[in-house]
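To start, the structure itself, in structure tokens.
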Protein chains: 2
Amino acid sequence: MSAVTIRDVAKRAKVGIGTVSRVLNNHPSVHMETRQRVLEAIEELDYAPNPIARQLSLGRTNTISVTLPFLTFPSFVERLRGVQSALAESGHQLILYSVQTAEHRDRHLEQLMRQVRPDGILILSIPLFDDHVHRLKERGIPTVLVDVDIPHAHRVYTDDFQGGYLATQHLLDLGHTRIACLSDILDTELSFVTTRLRYQGYCQALEDCGITPRPAYHIEDHHGRAEARAMAHTVLALDEPPTAIFACSDTQAIGVLDAAADLGLSIPDELSVMGYDNIRDAEYLNISTINQPLFESGFEGAQLLLSLIAHPDDDIHDIALDLTLIQRGTTAPLRASANNRTI
Amino acid sequence: MSAVTIRDVAKRAKVGIGTVSRVLNNHPSVHMETRQRVLEAIEELDYAPNPIARQLSLGRTNTISVTLPFLTFPSFVERLRGVQSALAESGHQLILYSVQTAEHRDRHLEQLMRQVRPDGILILSIPLFDDHVHRLKERGIPTVLVDVDIPHAHRVYTDDFQGGYLATQHLLDLGHTRIACLSDILDTELSFVTTRLRYQGYCQALEDCGITPRPAYHIEDHHGRAEARAMAHTVLALDEPPTAIFACSDTQAIGVLDAAADLGLSIPDELSVMGYDNIRDAEYLNISTINQPLFESGFEGAQLLLSLIAHPDDDIHDIALDLTLIQRGTTAPLRASANNRTI
DNA sequence: CTGTTAGCGCATTCAC
DNA sequence: GTGAATGCGCTAACAG
């Protein structure tokens, strides 16, 4: 056990513990000579300061908490990687939390602020209300939101409305007019607001093109490949099936591909499929999608948090990252054959 | 700020701080009445004990460190999920660390033991030497290794040798004899020993079948889809190309599929491909593979660690988890056409 | 049962 | 420059 304390070092170096503390913290006011003696004693005793004691004395915990809906979606993993990368050399511990339900989230945030008291709080992809942010602010712990749609808070985000718009616009540009949209369930308490925005962007793009979104062309269900497959089947079984489908995530786009395979529909000739996120699977499967800077969002968020810890009273940082359209093999110009196809 | 301390509570409840501490820790010896008064004071002041002070006093940090080669491989993510799940309700903080190089690993472990001093150490998929384990033992911090090939340490693992054997056996059973193996580079300092074991299992399976492994049929390169694609091209360009390929990971198997597509080889008719890990992509792409309980390994490892923290002097726990063969669409019986194919 | 005291290990005043 | 003393907030051992 490393039961060796600062006192042992002081005794061995024949100095006071104050002096040891000073060399530990690189205080200038200490003689070269005594500093040397202390350093030797530290070396000989293989001493390392106890971080807990240090934290208590300093009033800092030296930790940063990261809360996310754990690793249920691949996109969260990428964001977490970015965070880890930014924090690696900062000297801060990364404490990981996962919340799955709205109630769990509230309980967790309360615990975080009152009990854990990290130096900084990072929240990834968890829907919050203004009230949460207010309470966070009250506590005075620097907080950064990543991929959370709350204004007037330090955050790093992408414009999901624009993303949905971009995706739909791409399909419109290809000549499609019968465009369906598959999304998560939009009204859950812990629903990802981002999905809703993507859907709204989809609607807006259609309207800007003079097309009224058809209710039958929008289906929502729990997030998942299998669910998306079922949704695709439903929408493709309509009297007038869509010629293009915008899935609000790549995972769901994969489900659409499943359904297309079930029906023997050739992609993209008979059906164009658009995803969102640009997760690795999308690249593997050559799916057209919207790329959002996942790793970077985590990285930037963590960096922002670190700077806030250093300068707590900075103005609100509202960092928007760019989205880009990535056209791959699942989207193509509308063909007459597809347009006339009914089931 | 939650500057309210135990002293404030004591004052308000008109008791000593000792009493407050007692109700905080559910000590039996305290009058119902005074306990009530204290609880009220706590409520009114919205008091929460400072965990740092508590830790310093108790000598415990209430944290568990988890070290892994971050989220470079999908399999690590699954393991981490298992860990998180097991730790969620344990009251321990999960501190996340990532190491990429051997030197980094050594530095990290040293820091972990001397400075961070978590209550327990969990190491996932990072190759260690006996020396590391010895030092870990010296420090007396309970440690559990997951997916690390070190005997005489608490660990949760799968038998990668057997896995490689199983995979190869499957191909042999299908009638293949010209079976290639693509692996990571086996001699890096931080190479994943597990890969080497898979390769050795491959060799053994061949030999048990009276087949001498051909050097040309084993290629190694850095882990990755693109690298695997190139390796596959190399091996498929041999005068006598293999009719089946065992890729030591699903990611690499995907690269093999890429190469097959490049060459217009139909899978599995003209080439059987076997993966390893059963990551989600393998399911998406319908790849035959070896399933190892990833989530479970993390879960079991964390549980073991928690029990070790409670009972530090337990005998060595050496938990082996089962591997299973999952046959999907990329492996099929050898056909004459494939066997005669040369390039 | 309960109030008081003495640490936990370190940083940070103070005097010297 | 340096040593001794005080406090960070809490637990535990000690007397009442």
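Chain identifiers are assigned alphabetically (A, B, ...) following the order of the sequence lines, protein sequences preceding nucleic acid strands; residue numbering begins at 1 within each chain. None of these values were measured; they are calculated from a predicted model.
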(request) Scan for ring-ring contact (aromatic ring centres under 6.0 Å, His included) pairs involving residues 137-157 of chain B, sequence neighbours excluded, and state none if there are none. (result) B/H154-B/H317
(request) Let me know the distance between CZ of B/R7 and P of D/dG9, rounded to the nearest Å. (result) 8 Å
(request) Return the set of residues passing ring-ring contact (aromatic ring centres under 6.0 Å, His included) with A/H108 (not counting sequence neighbours), or none when no residue passes. (result) A/Y97
(message) Checking side-chain polar atoms at under 3.5 Å, does B/T158 have a donor or acceptor matched by the opposite partner on B/Q292?
(response) yes
(message) Short of 4.0 Å, heavy atom to strand atom, which residues of residues 30-39 of chain A count as contacting DNA chain D?
(response) A/V30, A/H31, A/T34
(message) Between P on D/dC10 and NZ on B/K11, what's the gap in Å once rounded to a whole number?
(response) 13 Å
(request) Rounded to the nearest angstrom, tell me the gap between atom CG in B/N26 and atom P in D/dT11. (result) 11 Å
(message) Let me check the geometry of the helix from C/dC1-D/dG16 to C/dC16-D/dG1. What is the bend angle between the axes at its two ends, five pairs each, to 10°?
(response) 50°
(message) Measure CG/B/L56 against P/D/dG7 and give the value in whole Å, please.
(response) 17 Å
With a 3.5 Å cut-off and sequence neighbours excluded, list the donor-acceptor pairs that the side chains of residues 296-312 of chain B form with protein atoms.
from   : atom 1 : to     : atom 2 : distance (Å)
B/S297 : OG     : B/R79  : NE     : 2.9
B/S297 : OG     : B/L294 : O      : 2.6
B/S307 : OG     : B/L304 : O      : 3.0

Collect all protein-nucleotide pairs involving nucleotides 11-15 of chain C in which both atoms are nitrogen or oxygen and the distance is under 3.5 Å.
from   : atom 1 : to    : atom 2 : distance (Å)
C/dA11 : OP1    : A/N25 : OD1    : 3.4
C/dA11 : OP1    : A/N25 : ND2    : 3.3
C/dA11 : OP1    : A/R54 : NH1    : 2.2
C/dA11 : OP2    : A/S21 : OG     : 2.9
C/dA11 : O4'    : A/S57 : OG     : 2.8
C/dT13 : O4     : A/R22 : NH2    : 3.4

(request) Just jot down the side chain to side chain contact (heavy atoms under 4.5 Å, CB included) partners of A/E44, sequence neighbours excluded, or say none. (result) A/R12, A/E40
(request) For B/R7, check salt bridge (charged side-chain N to carboxylate O under 4.0 Å, His left out) against everything at least two apart and list the hits. (result) none
(message) Run the side chain to side chain contact (heavy atoms under 4.5 Å, CB included) test against B/L109 and tell me which residues pass, sequence neighbours left out.
(response) B/R105, B/L112, B/I123, B/L128, B/H132
(message) Just the rounded figure in Å: distance from P of D/dG9 to CG of B/D8.
(response) 9 Å
(request) Report the residues that fulfil side chain to side chain contact (heavy atoms under 4.5 Å, CB included) with B/N25, sequence neighbours left out, ordered by chain and then residue number. (result) B/S21, B/H27, B/R54
(message) Whole angstroms only, please: what is the CD1-P distance between A/I42 and C/dC10?
(response) 10 Å
(message) Listing request: all salt bridge (charged side-chain N to carboxylate O under 4.0 Å, His left out) pairs with a residue in residues 120-133 of chain A, at least two apart in sequence or in separate chains.
(response) A/D131-A/R135
(message) Among residues at least two apart in sequence or on other chains, which ones pass ring-ring contact (aromatic ring centres under 6.0 Å, His included) with B/H92?
(response) none
(message) Closer than 3.5 angstrom, by distance alone: can the side chain of B/N50 be matched with the main-chain N or O of B/T5 as a donor-acceptor pair?
(response) no
(request) Whole angstrom is fine here: how far is it from CG in B/N62 over to C1' in D/dC10? (result) 14 Å
